[in-house]
Amino acid sequence: MTEPTFATLVSRWYTHHARDLPWRHPGVGAWAILVSEVMLQQTPVARVIPAWTAWLSRWPTAADLAAEPPAEAIRMWGRLGYPRRAVRLRECAVAMVERHGGQVPDRLEQLLALPGVGTYTARAVAAFAYGQRHPVVDTNVRRVICRAVAGEPDAGPATRPADLAATEELLPTEPAAAALASAAFMELGAVVCTARSPRCGSCPVTSICAWRASGQPAPAGPTRRPQRYAGTDRQVRGLLLGVLREATAPVSRHRLDQVWTDNVQCVRALTGLVKDGLVEQVDETSFRLAGDGPPILVP
DNA sequence: TACTCGTGGTA
DNA sequence: TTACCAAGAGT
């Protein structure tokens, strides 16, 4: 009889302590899981839950969303942040209709080819929606593995191939068990093995944690420089989009100029929104959310 | 590789 | 109050 493995301990903990999140309920389909994964990219769980519920109520299938213009997706996105994700999610739905009959593909290669689906999201969908055995590495998993297995404080940027390989070695052989373990690793990092104040007293692997054994060393050297927001193009884009989201008719350039005093920056932000497919120019002087009305006549 | 891309809760 | 930052992706 061998000692329980790392994955076994964390999985056992997960089955008793996992949060009751709606996308984890039995019978939730691949489309709903994909939507949750995209919304959860850099957005806290608490804010995603109501948005996810409303989104799927309006668009129960990918085909439902694919039939709508980007403007509707942008409005439904609300204030989750990074609204390009809404545009990409719709593009993703369109691609699934065109390539996969409106279904979410179950092959990693096909998932990765979809707009807005990267290394993490593709593996998360393959594992959580289809029960496949893939290492699913997000920032939480990287931190958990880094600490508990390597004994390191999780400093420095992610090295995807190495993180994937290190996590893969910990996964059970059985696909269903591996998918459960992946969810468990993520949950542990989100709830217990947190970045700032880890709750080691509630951790199922505290007795075999290399990081704890070595005195929980803090990250050495300068971490990534703090992200600022005030005064950036991102803030201006947010202000511009806020106006366009509320508008029921095209908005004049003059009115958009008023959201920011620096006109150069304002124009740059607006140009960026157009380039990203969030906004379109209706005529010489007015703008609207992409597809927010009748098609624009081109002379 | 390093940088951009929103938003709002928390310490 | 200011600073940090939360299930990444794309370039």
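Just so you know, these numbers come straight off a predicted model, no measurement behind them. Atom set for the values below is all heavy atoms of this structure, side chains included, hydrogens, waters and symmetry mates excluded. Note on naming: letters A, B, ... go to the chains in the order of the sequence lines (proteins, then strands), and numbering restarts at 1 for each one.
- Remark: P of B/dC5 and CG of A/Leu241 are 13 Å apart, rounded to the nearest angstrom.
- The separation between A/Asp233 atom CG and B/dT4 atom P is 9 Å, rounded to whole Å.
- Atom CD of A/Gln103 has 12 or fewer neighbouring heavy atoms from other residues, nucleotides or ligands inside a 6.0 Å radius.
- Of the candidates C/dA7, C/dG10, C/dG8, the closest approach to any side-chain atom of A/Arg88 belongs to C/dG10.
- Within the 4.0 angstrom heavy-atom criterion, no nucleotide atom of any strand lies near A/Arg143.
- Counting non-hydrogen atoms under 4.0 angstrom, A/Thr232 reaches nothing in the nucleic acid.
- The shortest heavy-atom contact between A/Thr121 and A/Glu37 is CG2-CB, 3.9 Å.
- Residue A/Gln42 places none of its side-chain N or O atoms closer than 4.0 Å to OP1 or OP2 of C/dA6.
- Counting non-hydrogen atoms under 4.0 angstrom, A/Arg234 reaches a base of the nucleic acid.
- Nearest-nucleotide positions on DNA chain C for A/Val117 and A/Thr43 put A/Thr43 closer to the 5' end.
- Between C/dA9 and A/Thr121, a contact under 4.0 Å exists linking OP1 or OP2 to a side-chain N or O.
- The residues A/Asp154 and A/Arg147 are annotated as not salt-bridged, no charged nitrogen and carboxylate oxygen being separated by less than 4.0 angstrom.
- Projected onto DNA chain B by closest heavy-atom contact, A/Gly81 and A/Arg196 fall at different nucleotides, the more 5' of which corresponds to A/Gly81.
- Using a 4.0 Å heavy-atom cutoff across all strands shown, A/Val48 reaches no nucleic acid atom at all.
- Within the 4.0 angstrom heavy-atom criterion, only backbone atoms of the sugar-phosphate kind lie near A/Thr119; the bases stay farther away.
- Here A/Trp77 lies out of heavy-atom contact (under 4.0 Å) with every strand.
- Backbone-only contact: A/Gly118 has heavy atoms under 4.0 Å from sugar-phosphate atoms and none from a base.
- Listed nucleotides: B/dG8, B/dC5, B/dG6. Nearest to the side chain of A/Arg84: B/dC5.
- Distances shown here put every side-chain N or O of A/Arg85 at or beyond 4.0 Å from the OP1 or OP2 atom of C/dA9.
- If you run side-chain contact (heavy atoms from CB on, under 4.5 Å) between A/Arg237 and each of A/Leu270, A/Thr232, A/Leu278, only A/Leu278 comes through.
- When each of A/Pro115 and A/Ser36 is assigned the nucleotide of DNA chain C bearing its nearest heavy atom, the one mapping closer to the 5' terminus is A/Ser36.
- In this structure, the nucleotide among B/dG8, C/dG8, C/dA7 sitting nearest to the side chain of A/Glu187 is C/dA7.
- Across all strands shown, A/Leu80 has heavy atoms under 4.0 Å from base atoms, whether or not it also approaches the sugar-phosphate.
- For the pair A/Tyr82 OH and B/dT7 C1', the interatomic distance rounds to 9 Å; values are reported in whole Å.
- Side-chain contact between A/Ser182 and A/Arg133: absent, with no pair of heavy atoms (C-beta onward) separated by less than 4.5 Å.
- Taking the C1' atom of each, C/dC5 and B/dC5 are spaced 15 Å apart, rounded to whole Å.
- Comparing the same atom, C1', in C/dT1 and in B/dG8 gives a spacing of 15 Å after rounding to whole Å.
- Within 4.0 Å of A/Leu21, counting heavy atoms only, lies at least one base atom of the nucleic acid.
- Taking atom CE on A/Met39 and atom P on B/dC5, their separation rounds to 22 Å, with Å as the unit.
- Note on A/Arg24: a base of the nucleic acid sits closer than 4.0 angstrom, heavy atoms only.
- A distance of about 22 Å separates the P atoms of C/dA7 and B/dT4, rounded to the whole Å.
- When rounded to the nearest whole Å, the span between CZ of A/Arg268 and C1' of B/dC5 equals 14 Å.
- Residue-level contact check: A/Arg245 touches the backbone only, with heavy atoms under 4.0 Å from sugar-phosphate atoms and none from bases.
- Under the 4.0 Å criterion applied to side-chain N and carboxylate O atoms, A/Glu72 and A/Arg90 are not assigned as salt-bridge partners.
- Using a 4.0 Å heavy-atom distance criterion, A/Arg47 is classed as a base contact.
- Rounded to whole Å, the distance from CZ on A/Arg19 to P on C/dA7 is 8 Å.
- Between the P atom of C/dA9 and the CZ atom of A/Arg160 lies a distance of 6 Å, rounded to the nearest Å.
- The separation between A/Leu34 atom CG and C/dA7 atom P is 19 Å, rounded to whole Å.
- Note: A/Trp77 and A/Trp55 have perpendicular aromatic rings, judged against thresholds of 30 and 60 degrees for the angle between ring planes.
- Side chain of A/Met186, nearest nucleotide from C/dA9, B/dG8, C/dA7: C/dA7.
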